Amino acid sequence: MDQYVSKRFFDAVFGASDDCVKILDLEGRLKYMSEGGRRVMEVDDFASVSGCVWTSFWDGEARSAAEAALESARRGEARATRTRRPRRS
């Protein structure tokens, strides 16, 4: 599936949700963020955060939880995180 079709697919699936849905690579870099996620994180242009390390958006306990979730995903385990909105950089 090419990149354009993938983005269209994810936008169609997640576009109506206010949930902050992100897709990361195994290094934890942002590859996709839903429209709801962009609203919640106040991201006007995804290109400005695309490729950023997701855990870098968090501090303290929230960052530890994000790093643990990423490590679980690397092991193939399903994991959801619920934290307060990340800090603005």
Side-chain angles (χ1 to χ4, degrees):
M1 192 177 327
D2 66 41
Q3 189 174 15
Y4 175 73
V5 172
S6 296
K7 181 177 177 348
R8 280 188 21 193
F9 172 76
F10 290 123
D11 284 344
V13 171
F14 300 117
S17 174
D18 286 333
D19 290 335
C20 187
V21 177
K22 298 175 203 75
I23 296 177
L24 314 173
D25 66 13
L26 289 175
E27 301 305 316
R29 293 180 301 249
L30 286 169
K31 296 299 179 184
Y32 173 82
M33 184 184 300
S34 66
E35 184 178 331
R38 292 189 301 270
R39 280 192 306 272
V40 167
M41 293 187 65
E42 299 176 356
V43 173
D44 294 324
D45 180 17
F46 179 67
S48 69
V49 296
S50 179
C52 290
V53 177
W54 175 64
T55 57
S56 69
F57 289 98
W58 308 96
D59 286 323
E61 288 183 29
R63 186 173 192 150
S64 295
E67 288 170 345
L70 182 57
E71 196 54 43
S72 292
R74 286 183 182 126
R75 290 191 304 267
E77 301 168 4
R79 178 116 176 230
T81 58
R82 291 184 187 263
T83 59
R84 292 183 173 259
R85 196 166 108 185
R87 64 180 164 77
R88 294 275 308 184
S89 41

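For the single chain, residues carry numbers from 1 onward in sequence order. All of these numbers come straight from a predicted model, not from anything done at the bench.
- With values rounded to the nearest 0.5 angstrom, Leu70 atom CG is found 11.0 Å from Arg63 atom CZ.
- Side-chain atoms of Lys31 and Leu24, non-hydrogen and from C-beta on, never get closer than 4.5 Å to each other.
- Distance OG/Ser56 to CD/Glu67: 10.0 Å, rounded to 0.5 Å.
- Legend: residues meeting salt bridge (charged side-chain N to carboxylate O under 4.0 Å, His left out) with Arg74, ordered by chain and number and at least two apart, are Glu71.
- The ring-ring contact (aromatic ring centres under 6.0 Å, His included) check on Tyr32 picks up Phe10, with sequence neighbours excluded.
- Trp58 and Val53 are members of different hydrophobic clusters when ILVMFWY side chains are connected at heavy-atom separations under 4.5 Å.
- Residues Met41 and Phe57 form a side-chain contact, since some pair of their non-hydrogen atoms from C-beta on lies under 4.5 Å apart.
- Of the inter-residue distances, the one linking Asp18 atom CG with Glu35 atom CD reads 9.0 Å to the nearest 0.5 angstrom.
- Partners of Arg38 by side-chain hydrogen bond (donor to acceptor under 3.5 Å, both in side chains), not counting sequence neighbours: none found.
- Partners of Glu77 according to the salt bridge (charged side-chain N to carboxylate O under 4.0 Å, His left out) rule, which considers only residues two or more places apart in sequence or in another chain, are Arg75.
- Taking the side-chain hydrogen bond (donor to acceptor under 3.5 Å, both in side chains) definition, one finds that Asp25 meets it with Arg29, sequence neighbours left out.
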Side-chain donor-acceptor contacts of residues 43-51 below 3.5 Å, not counting sequence neighbours, with atom names and distances?
unit_1, atom_1, unit_2, atom_2, d
Asp45, OD1, Ala47, N, 3.3
Ser48, OG, Asp45, O, 2.6

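- The salt bridge (charged side-chain N to carboxylate O under 4.0 Å, His left out) check on Asp19 picks up nothing, with sequence neighbours excluded.
- Closest approach of Cys20 and Gly37 over heavy atoms only: SG-CA, 3.3 Å.
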